[in-house]
Amino acid sequence: MAELSSALPGWLLDFAERRLPALTRRRRREALPIVLSRHRIYVLPTGFGLFFGGLLAVMTVGGLNYDNNPALILCFLLASAANTALLYNYLTLRGLRLAEVSGETVHAGAPLRLRLRFDALELRRRRGIVLRRDAQVTAFDLDAAGVADIDLEVPTERRGWLQVGRMEVSARQPLGMFVAWSWMHPDQRVLVYPALEINPPALPGQGSEGEPQRMRGLEEQVHGLRDYRSGDPLRIIAWKRSAQRGQLTVREFETPRGHDAVLEWHTLAPLSPEARIRRLARWVVDAERAGLSSELRLPEQTLGPGRGAAHVHACLRALALLDV
Amino acid sequence: MSSRSATPLDRGGFVWSVAAGTLALPPIAQFLPPWLLGLCALMISIGIGLGLRRRTLPRALRVLITLAVVALILWDYGIAFGTRFGRDTGAAMLAAMLVLKVLELRTVRDARMLTSFGLFALVAAFLQDRGPLTLTLSLLATLVTFAALARIAETETPTRQLRVAGDWRERMRDAGRLALFSIPVALVAFFLFPRLASPLWGLPEVTREARTGLSDSMAPGDIAQLYADDSPMLRVSFDGAIPANADLYWRGPVLSQFDGRSWRRYFNAGSSTIPAADLDVEGPILSYEVQQEPTERHTVMALDVPVTAPDGMRLSLDRTLTSTQPLNEVSRHRLRSTTQYRFEPQLLHTFRQHMTALPDGFNPRAQALAREWRVRAGDDDRGVIEEALALFNAQFNYTLTTPLLGRHSVDEFLFDTRRGYCEHFASAFAVLMRAAGIPTRVVTGYQGGIRNPIGNYVLVRQSDAHAWNEVWLAGEGWVRVDPTNAVAPNRIDRGIQAVGGESKRYSSWGQPLFDTADWMRSGWNQFVLGFDAAQQRKLLRPFGIDDADWEQLGVALVVTLGIAILITLGLLLRRPQESSDPLVCAWRRFVRRMSKAGVSHPPHEGALDFAARAARALPGSAAQIDALSQRYVLQRYAAGVDRDEARRLCVDLRRFRIERRNA
């Protein structure tokens, strides 16, 4: 299909996109929200549906031959019910909307929980919608409230961007005679951090003295609370805590004074690039845990020195996206 | 897909499938021998027991059981009526297969096989019986099958966070809704799907017991069998008034050949080369419609003497109506008859001979008696008839319990037992008349009937079966003489019940009930069973098409089918009723009214916040919106419910209209 899309002239592609989106969108990514319209929903009988159709044909011909009206009533009711089930299958998907996709970033190797928010343009009871992404399958209902948050656990293997990828939504209930399905291929990606090395060597740059010292400052991170002493500026008073304790309390700040852990790409030269990334990632995390500030020196960029979640994220992100 | 179908069935799915399969049995059960029914019940119980414990019988044992059951059925039915594989055998096999399937119900695929098989059994049941009861049972089984299929589809759906609970009532409601939404398309298909004017293959053979009814011969005891049978035979609605009971003689096979024991039809009577005998109509012609239950024979019952034969029927020499097709279904005929006539004023010599023939060596005493009468009466045929009727009237009893008669059956009846019913009287009378040289024949058919005031028709039942005579008199033609009338006039005036027939008399409240039930059954016959290819062609009459052909029907089918599907789609698209609380509904309506005016209500917003916003946006109704929303919140969230206030609030909410303040 990709070859087809590239081989077609633009206007034809546009036309196809409009009239037969299912054909072209199978492989194309779309921006959210993705709404299933009638142009892109397929319905086919299942194996059981075909079997039932055959049986129904035999019964109907028998009924017609013997001019047996009660038998014909039953046969036509069954055929009509199959038709209703088909419409029901189709309507289960029509108007279904994938509104949001989000995912908590994890380290490669750990399962990533993709959270998909489905809602619907038309409020209607929708039952047994099956969502399939590669080997991951889950099913959900969309009831009158019309919103469903679906978690899909996706295995991660590599660091970097994980494309949400093409997902199949399908519906077989209520009779299981037909399957209606469509594709959703959201243009969304989730970052996967590099895997962390197991049992890494100790953090580099630990030799130098590194006890963090407490120091009063105003712009630094909150370290703790202490009683108010006359002369403290008003703005460091923790009003809420003061109210709770019944005694004025002020925030105390600290600026870490330890030596930075300098995490150097180049010093790990003997390792393979991926191994280096894993070790660096591990160190970034370890340094944060130890309360040290770290500095990550990569071939093209240097991050830090710094501390805190934002810094860790920046480092891990840089490592995840490092092109080697 | 195959891996999915092999999904093991969970407990709920198992129970539902067994329920659907079991409910498919009652419609065919009426035609199964008791031993097979018992076997079915036993096997279903074993199947349920095993299935709930998730155990299976070994494969070899299952095969053995299957073979044994098949062999049993073939043996039973084979002994019963030859080695033919008939409808009954098929039904028995189907029932057996259905219950055997319960024994190996393990996967989703098994469950679907079982339920589909059940549906097949339902359709097969209609080959045996087309009554409304069978259809009702079948529809019930179909509903359960829908619910079972839905349950199976849920089993098949991956991951089990799905609604697996849900009590059975809700499932049945869903199934009912599915069926209800399917009615429009089913109706269109029923009426417009092209019907076959003639069958593609042969009609199914006769069942184990041929239907009762009058045949083309009458041996002693034949008609007595029918007296016990209260099932309906004819339903007749007259265009005008219903004639008196004494005039309601429904003509069936006319028998003119006597072999000393039984009466048969004249071998040539049914021949198509012999035209019907002349008939001079001397009174009004009665038009009526007859609905005749299936007899699997050709004779069409008609009042007294039919004047003409409609399409597809023939009037034979003796003016018996015969249909060209055997009457295997409930059939409806429009007929015309007369009760005042001169029937065959000129009797051909050969026929005259035939109608006076008696076998040699039978009933000598009766013949002697008749000759004696002839001498006494001279040329006066009427005189001979009077003698006979007077004899019957004076010395004979009408009874349904009669002793067996020997070789000279008429002699023994006339001189020894002197007890009998219509058959004996008609037979004896014919023998006497023939011996006296008067052309006479036996007419079998039905006499009388019950008026059904609800449907304004006459119901004639099998127990109304009767036999009487026709004698040919010079200048008058064939004249009906009913010797039974001479013995038991009540039989003719008031019907078979009057003379102790076995049919039930209904009490004062039972009779209307019976009438209503029979009237409904009559409607069923007329509108459900009566619809066929011919009726279908007349369907397009309102559109100016008298006799629709295949293509016109096709167009009509496609168009109406499209409309029906749209109706179904519309029903499916209805918004779900989110709440059954009238107050909530009224509030939603109130909210919708304001959304239309441009103040939308996002789901997260509270009622009061929304009302405040709406009041600002619609200053014309601000006070009203405030008051109503305050009341709503109080009513809905405050403790204690004031029902009157709730009702008033509902009304007020519904009555609310936005007032636009136009400059």
Side-chain angles (χ1 to χ4, degrees), chain A residues 46-48 51-52 54-56 58-85 87-88 90-91 94 122-125 127-132 136-141 143-147 171-177 179, chain B residues 1-2 5 108-109 112 116 119-120 122-123 126-127 130-131 134-135 138-139 142 146 149-150 152-154 156-159 161-163 174 178-179 181-187 189-190 193 195-196 199-201 203-204 329 528-533 564-565 568-569 572-573 575-576 578 603:
Chain A
T46 59
F48 169 59
F51 167 75
F52 187 80
L55 189 73
L56 200 57
V58 170
M59 297 193 299
T60 309
V61 170
L64 283 173
N65 189 62
Y66 297 140
D67 218 356
N68 194 320
N69 283 340
L72 284 177
I73 288 176
L74 190 60
C75 287
F76 289 138
L77 184 67
L78 291 175
S80 177
N83 170 65
T84 309
L87 292 174
Y88 189 93
Y90 160 72
L91 289 178
R94 198 184 81 173
E122 300 147 349
L123 282 186
R124 184 183 319 133
R125 214 168 43 170
R127 284 207 176 136
I129 304 171
V130 177
L131 179 73
R132 182 188 301 270
Q136 294 85 46
V137 185
T138 188
F140 61 98
D141 292 357
D143 271 320
V147 180
R172 284 163 191 259
Q173 289 182 27
L175 295 188
M177 293 178 191
V179 54
Chain B
M1 205 163 289
S2 55
S5 306
V108 162
R109 190 195 285 118
R112 288 185 165 153
S116 313
L119 292 174
F120 190 80
L122 293 179
V123 169
F126 288 125
L127 287 181
R130 304 176 176 195
T134 308
L135 186 66
S138 300
L139 289 180
T142 308
F146 286 160
L149 284 175
I152 297 166
E154 256 170 59
E156 193 191 36
T157 308
T159 70
Q161 306 121 343
L162 271 172
R163 182 188 69 124
D174 286 349
L178 177 71
F181 291 178
S182 307
I183 285 176
V185 172
L187 273 185
F190 177 76
F193 195 87
R195 299 301 186 92
L196 302 174
L200 293 175
W201 68 86
L203 293 167
E329 321 293 345
V528 180
L529 301 188
F531 189 79
D532 57 6
I565 289 177
T568 304
L569 201 58
L572 284 172
L573 279 172
R575 283 172 138 262
E578 291 122 75

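Every chain is numbered from 1 and lettered A, B, ... according to where its sequence line falls, protein lines coming before strand lines. FYI, side chains are in, hydrogens and waters are out, and symmetry mates aren't considered; it's all heavy atoms of this structure.
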Report the distance from atom [atom1] of [X] to atom [atom2] of [Y], rounding to the nearest 0.5 Å.
X        : Y        : atom1 : atom2 : value
B:Glu156 : A:Arg172 : CD    : CZ    : 5.0 Å
B:Thr157 : A:Arg127 : OG1   : CZ    : 11.5 Å
B:Arg112 : A:Met177 : CZ    : CE    : 8.5 Å
B:Phe190 : A:Leu77  : CZ    : CG    : 12.0 Å
A:Ile73  : B:Arg130 : CD1   : CZ    : 11.5 Å
B:Leu572 : A:Tyr90  : CG    : OH    : 11.5 Å

In terms of heavy-atom proximity below 4.5 Å to chain A, should [X] be classed as side chain, backbone, both, or neither?
X        : result
B:Leu122 : both
B:Ile152 : neither
B:Thr142 : side chain

Which residue pairs pass the salt bridge (Lys or Arg N to Asp or Glu O under 4.0 Å) test with at least one member in residues 60-72 of chain A, sequence neighbours excluded? A:Asp67-B:Arg195
Residue pair [X] / [Y]: nearest heavy atoms and the distance that separates them:
X        : Y        : value
B:Ser182 : A:Ala81  : OG-CA, 3.2 Å
A:Gly176 : B:Ala153 : N-CB, 4.1 Å
A:Ala71  : B:Val123 : CB-CG1, 4.0 Å

B:Phe193: ring pair (Phe, Tyr, Trp, His ring centres under 6.0 Å) partners, not counting sequence neighbours: A:Phe76
Any side-chain heavy-atom pair of [X] and [Y] under 4.5 Å:
X        : Y        : answer
B:Leu178 : A:Leu175 : yes
B:Leu569 : A:Leu91  : yes
A:Phe48  : B:Ser116 : yes

Please look at A:Tyr88 and chain B and tell me whether the side chain, the backbone, both or neither of the residue comes under 4.5 angstrom of a heavy atom of that chain. both
Is A:Asn68 reaching over with its side chain to a backbone N or O of B:Phe126, donor-acceptor style, under 3.5 angstrom? yes
With chain A, the option among B:Ala179, B:Gly131, B:Ala186 that has the most non-hydrogen atom pairs under 4.5 Å is B:Ala186
Evaluation steps, side chain to side chain donor-acceptor pair (under 3.5 Å), between A:Thr84 and B:Thr568: CA-CA 7 Å; A:Thr84 309; B:Thr568 304; 5.0 Å; no
Among A:Asn69, A:Leu74, A:Asn83, who wins on heavy-atom pairs under 4.5 Å with chain B? A:Asn69
Just so I understand: if I count every heavy-atom pair under 4.5 Å between each of A:Ala82, A:Ala85, A:Ala79, A:Pro70 and chain B, which residue has the most? A:Pro70
Begin with the C-alpha distance, continue with both residues' side-chain angles, and end with the deciding distance and a verdict on side chain to side chain contact (heavy atoms under 4.5 Å, CB included) for B:Leu149 and A:Gln173. CA-CA 9 Å; B:Leu149 284 175; A:Gln173 289 182 27; over 6 Å; no
Report the C-alpha separation of A:Leu87 and B:Phe181 in whole Å, then their side-chain angles, then the decisive distance to 0.1 Å, and conclude whether the side chain to side chain contact (heavy atoms under 4.5 Å, CB included) test is met. CA-CA 11 Å; A:Leu87 292 174; B:Phe181 291 178; over 6 Å; no
